[in-house]
Amino acid sequence: MNSKRFLWSACILVLLFSLFFKIPVIKLDFGHAIYYLEKDEFELRWIHSVEKEEWVEKYIRDSDELILTETYFKTFGAGVPSDGEIMGLHDGYIHMKIDQRFRELNLTVSENVKTTIISDNAELPLYEIISDYESVIISIEYLHIWEYIGGEFL
């Protein structure tokens with residue numbers, strides 16, 4: 001009799017836990033589809049429209065914000081942060097430390113600049129997924145366990 005009561009109590013606790021506990025993930029909203037990143041960090045890469053050189057930004061998830069922690073590029077030009085700390089030159093790139101927080105990123109994707117997300121060594125060429133000049137909204141979402149299990153992760 002006590003073992004049945006214990007089993008039912010455990011089941012109720014697991015059910016309550018699954019109803020209230022949520023897992024934070026990075027969400028990519030394409031408008032017609034939503035994907036999630038498994039990791040709490042990613043790189044955003046593109047070809048600068050003026051200098052025609054690759055530009056990279058590193059982001060991490062911190063609670064319900066995205067933090068731009070670092071950027072690196074090959075040439076100074078339009079769009080270079082004026083308040084970042086230059087960390088040095090590595091592999092032909094100027095590395096700059098940044099600490100900028102965002103609730104979400106509204107990213108316009110273009111095949112011309114090859115907009116790409118890198119997460120855990122996997123490349124996601126956004127310009128191949130959506131049409132030119134369409135937007136992707138990158139934000140933080142909290143998923144229930146069953147949503148996490150059934151989600152589309154990249």
Side-chain angles (χ1 to χ4, degrees), residues 13-49 51 53-154:
L13 284 175
V14 168
L15 179 62
L16 286 174
F17 179 77
S18 68
L19 287 175
F20 295 108
F21 182 74
K22 291 186 174 183
I23 301 166
V25 294
I26 296 173
K27 176 176 115 174
L28 305 173
D29 186 345
F30 293 92
H32 64 280
I34 294 175
Y35 296 99
Y36 303 102
L37 299 181
E38 282 191 87
K39 301 294 180 183
D40 288 337
E41 58 187 49
F42 66 93
E43 289 184 356
L44 179 59
R45 295 177 180 235
W46 71 92
I47 306 300
H48 194 283
S49 61
E51 280 83 21
E53 293 287 349
E54 184 176 55
W55 189 298
V56 181
E57 293 180 337
K58 289 187 175 187
Y59 291 89
I60 61 168
R61 183 192 61 78
D62 181 29
S63 186
D64 59 349
E65 292 182 312
L66 295 166
I67 303 174
L68 172 59
T69 60
E70 182 181 344
T71 187
Y72 51 98
F73 43 86
K74 290 187 176 181
T75 60
F76 281 96
V80 172
S82 60
D83 58 349
E85 174 189 334
I86 296 176
M87 297 168 36
L89 183 67
H90 307 286
D91 300 327
Y93 287 89
I94 301 162
H95 288 248
M96 189 175 277
K97 182 178 177 182
I98 308 288
D99 182 24
Q100 192 170 2
R101 296 175 175 270
F102 299 91
R103 292 298 241 175
E104 68 179 24
L105 300 174
N106 293 299
L107 181 64
T108 301
V109 175
S110 169
E111 185 175 357
N112 293 332
V113 297
K114 309 290 187 210
T115 314
T116 303
I117 287 185
I118 312 290
S119 178
D120 197 30
N121 297 325
E123 286 194 24
L124 180 62
L126 299 177
Y127 62 94
E128 292 180 358
I129 296 173
I130 61 175
S131 300
D132 261 354
Y133 306 109
E134 286 192 19
S135 294
V136 175
I137 298 173
I138 303 172
S139 62
I140 307 302
E141 185 166 320
Y142 289 81
L143 301 178
H144 289 284
I145 293 172
W146 63 85
E147 294 172 308
Y148 186 85
I149 293 169
E152 292 283 333
F153 283 87
L154 304 171

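Please read these numbers as outputs of a predicted model, since none were measured by experiment. Nothing fancy with the numbering, it's 1 onward along the sequence.
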Counting only N and O atoms by type, is there a donor-acceptor contact under 3.5 Å from the side chain of Arg61 to the main-chain atoms of Ser63?
yes
So, the side chain of Thr69 versus the backbone of Tyr59: is there a donor-acceptor pair under 3.5 Å, distance only?
no
According to salt bridge (charged side-chain N to carboxylate O under 4.0 Å, His left out), does anything in [range] pair up with another residue at least two apart or in another chain? List the pairs.
| range | answer |
| --- | --- |
| residues 100-112 | Asp62-Arg101, Asp64-Arg103, Glu65-Arg101 |
| residues 136-145 | Lys27-Glu141 |
| residues 123-138 | none |

Gap between atom [atom2] of [Y] and atom [atom1] of [X] - 0.5 Å precision:
| X | Y | atom1 | atom2 | value |
| --- | --- | --- | --- | --- |
| Ile145 | Leu143 | CD1 | CG | 11.0 Å |
| Ile140 | Leu37 | CD1 | CG | 9.0 Å |
| Tyr93 | Trp55 | OH | CH2 | 12.0 Å |
| Asp40 | Ser119 | CG | OG | 9.0 Å |
| Thr115 | Ile129 | OG1 | CD1 | 11.0 Å |

Take Leu28 and Leu124, measure what side-chain contact (heavy atoms from CB on, under 4.5 Å) needs, and give me the verdict at the end.
CA-CA 11 Å; Leu28 305 173; Leu124 180 62; 3.8 Å; yes
For [X] versus [Y], what's the shortest heavy-atom pair and its separation?
| X | Y | value |
| --- | --- | --- |
| Ser110 | Tyr127 | O-CB, 3.7 Å |
| His32 | Ile130 | CE1-CG2, 3.6 Å |
| Val56 | Glu43 | CG1-OE1, 3.7 Å |
| Glu57 | Leu68 | CB-CD1, 3.5 Å |
| Thr108 | Ser135 | OG1-OG, 3.9 Å |

Run Leu66 and Phe42 through side-chain contact (heavy atoms from CB on, under 4.5 Å) and show every step you take.
CA-CA 10 Å; Leu66 295 166; Phe42 66 93; 4.0 Å; yes
Ring geometry between Tyr72 and His95 (parallel below 30°, tilted from 30 to 60°, perpendicular above 60°)
parallel
Do [X] and [Y] touch side chain to side chain, with heavy atoms closer than 4.5 Å?
| X | Y | value |
| --- | --- | --- |
| Leu126 | Leu107 | yes |
| Lys97 | Glu70 | no |
| Val136 | Ile117 | no |
| Tyr35 | Val25 | no |
| Asp99 | Ile67 | yes |

What do the steps show when you test Thr71 against Ile94 for side-chain contact (heavy atoms from CB on, under 4.5 Å), and what is the final call?
CA-CA 8 Å; Thr71 187; Ile94 301 162; over 6 Å; no
